[in-house]
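Just follow the structure's listing: the first ligand is 1, and inside any ligand the first atom is 1. Computed from a predicted structure; not experimentally measured.
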Amino acid sequence: MRTGRTTTVVSLAVLVAGALASAAEKDVPALKDVFKDHFLIGGALNRRVVTGHDPGAAAIAEKHFNTATAENAMKWQSLNPWPGRYAWDVADSFVAFCERNEMAPIGHCLVWHSQVPRWLFRDESGNALTREVLLARMKDHIMTVVGRYKGRIKGWDVVNEALNENGTLRASPWLRIIGEGAEDKKYDFIESAFRWAHEADPEAELYYNDYGLESSKAKCDGAVALVKHLQSKGVRIDGVGIQLHASLEHPSVEGLEYAITSLAAAGVKVMITELDIRTQTRGYRGADIGRINRRSTQDANADAAETQRRLAQKYAEIFSVLLKHRKDITRVTFWGIYDGASWIGGSPLLFDRDYRPKEAFFAVLSAGRKDQ
Ligand code: 9MR
């Protein structure tokens with residue numbers, strides 16, 4: 001059993017460690033200053049950060065980021081878990097946090113097949129919806145959510161992860177129900193989502209966001225086709241987000257450059273929207289959340305010095321590519337702030353579990369400084 005004395009000693013140790021970590025943090029330059037002439041720098045913020053329960057992470061975000069994305073708070077399941085009922089608290093806190101700290105807020109995400117409530121694709125009797133009813137639900141959701149934050153969100157991930165690895169559209173309920181299996185209706189759900197988002201907030205930028213664009217040329221070509229389709233219909237699309245959930249071996253420089261240059265050539269802004277580098281060497285390593293099992297990817301090697309060195313090298317390589325293409329890249333957002341709160345476990349970010357900058361942080365810093 002823990003005595004009062006042990007608790008005091010432990011708390012003191014935690015306080016001292018925290019103070020040392022924040023002292024170390026104070027000495028380092030802010031990433032947003034280092035990259036200010038190139039692109040915005042940001043991170044995904046979770047509920048604890050925006051509601052004041054993780055001050056260490058909030059301090060890092062305030063210092064280093066000039067943009068932020070809601071990690072989960074604006075997903076359909078979080079905002080609209082029951083028909084007609086919305087839970088705004090955390091999303092409101094996210095937007096307020098960004099405004100207090102002068103970070104451009106990014107809304108994530110309006111139309112996705114994941115993190116959606118069960119009721120969404122079924123009627124009251126449990127039957128599949130018709131195209132018209134699903135379109136009406138989508139419109140209602142987009143007008144409500146985008147409308148609520150009108151004028152306060154810099155840009156929305158309007159459609160997330162709609163493509164397969166081979167560049168065809170994923171057979172999600174959105175495609176199946178609204179597309180009705182007809183070739184000439186396949187882009188309808190995407191087109192409608194972008195039109196309504198624009199109607200709800202004409203000033204907001206609108207993005208398509210996906211993973212694996214840097215590792216599959218076919219998938220990247222699919223994103224280019226999607227952009228061109230929207231453009232041919234006169235529908236606003238400002239940018240494409242390359243999520244960039246990387247690993248110590250992936251992506252190749254060539255794959256990343258292919259994605260950046262092909263998307264830029266299609267006439268949209270390119271953004272890196274969910275950057276992290278997976279350090280575990282076991283288990284499934286892609287970004288398909290349906291296949292992630294965190295326990296199976298536990299790996300003691302993630303914190304080893306050798307892993308940290310390789311992590312720093314991979315970050316340096318990625319940033320050298322991003323800086324080379326900076327005229328086409330408007331934003332780079334990390335998927336989280338520090339290792340302790342990453343979705344993926346291991347050691348994938350620039351700050352460790354004690355909020356201290358890692359070797360990877362200094363590698364990114366020096367890549368930026370070389371280019372100033
Ligand atoms: O980081 C998010 C994690 O907390 C959630 O449990 C997960 C569930 O959907 O979603 C994570 O974020 C995903 C993002 O919204 C879209 N691209 C992949 C991200 C990592 O899974």
Aromatic ring centroids of [X] and [Y] under 6.0 Å?
| X | Y | answer |
| --- | --- | --- |
| His229 | Phe194 | no |
| Phe35 | His64 | no |
| Trp335 | His108 | yes |

Can you list the steps and then say if His198 with Trp156 is a ring-ring contact (aromatic ring centres under 6.0 Å, His included)?
-> CA-CA 10 Å; His198 183 55; Trp156 280 98; over 10 Å; no
Where the closest heavy atom to atom 9 (O) of ligand 1 is concerned, which of Gln115, His108, Gln77, Glu161 has it?
->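 Considering heavy atoms of Gln115, His108, Gln77, Glu161, the nearest to atom 9 (O) of ligand 1 sits in Gln115.
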Where the closest heavy atom to atom 13 (C) of ligand 1 is concerned, which of Glu71, Lys75, Gln243, Arg47 has it?
-> Lys75
Quick one: which ligand 1 atoms are inside 4.0 Å of a heavy atom on Trp343?
-> 1 (O), 3 (C), 20 (C), 21 (O)
Which atoms from ligand 1 have a heavy atom of Asn160 less than 4.0 Å away?
->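 Answer, ordered by atom number: 16 (C).
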Part of [X] within contact of ligand 1 (heavy atoms, under 4.0 Å):
| X | value |
| --- | --- |
| Tyr211 | neither |
| Asn72 | side chain |
| Ile344 | neither |

When only distance counts, is Glu274 in polar contact with ligand 1, meaning an N/O pair under 3.5 Å?
->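 N/O-N/O distance below 3.5 Å exists for this pair.
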Before accepting this row, confirm whether a basic side-chain N of the pair Arg47/Glu71 lies closer than 4.0 Å to the acidic partner's carboxylate O.
->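 Glu71 and Arg47: not salt-bridged.
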Look at atom CD of Glu306 and say whether more than 12 heavy atoms of other residues, nucleotides or ligands are closer to it than 6.0 Å.
-> yes
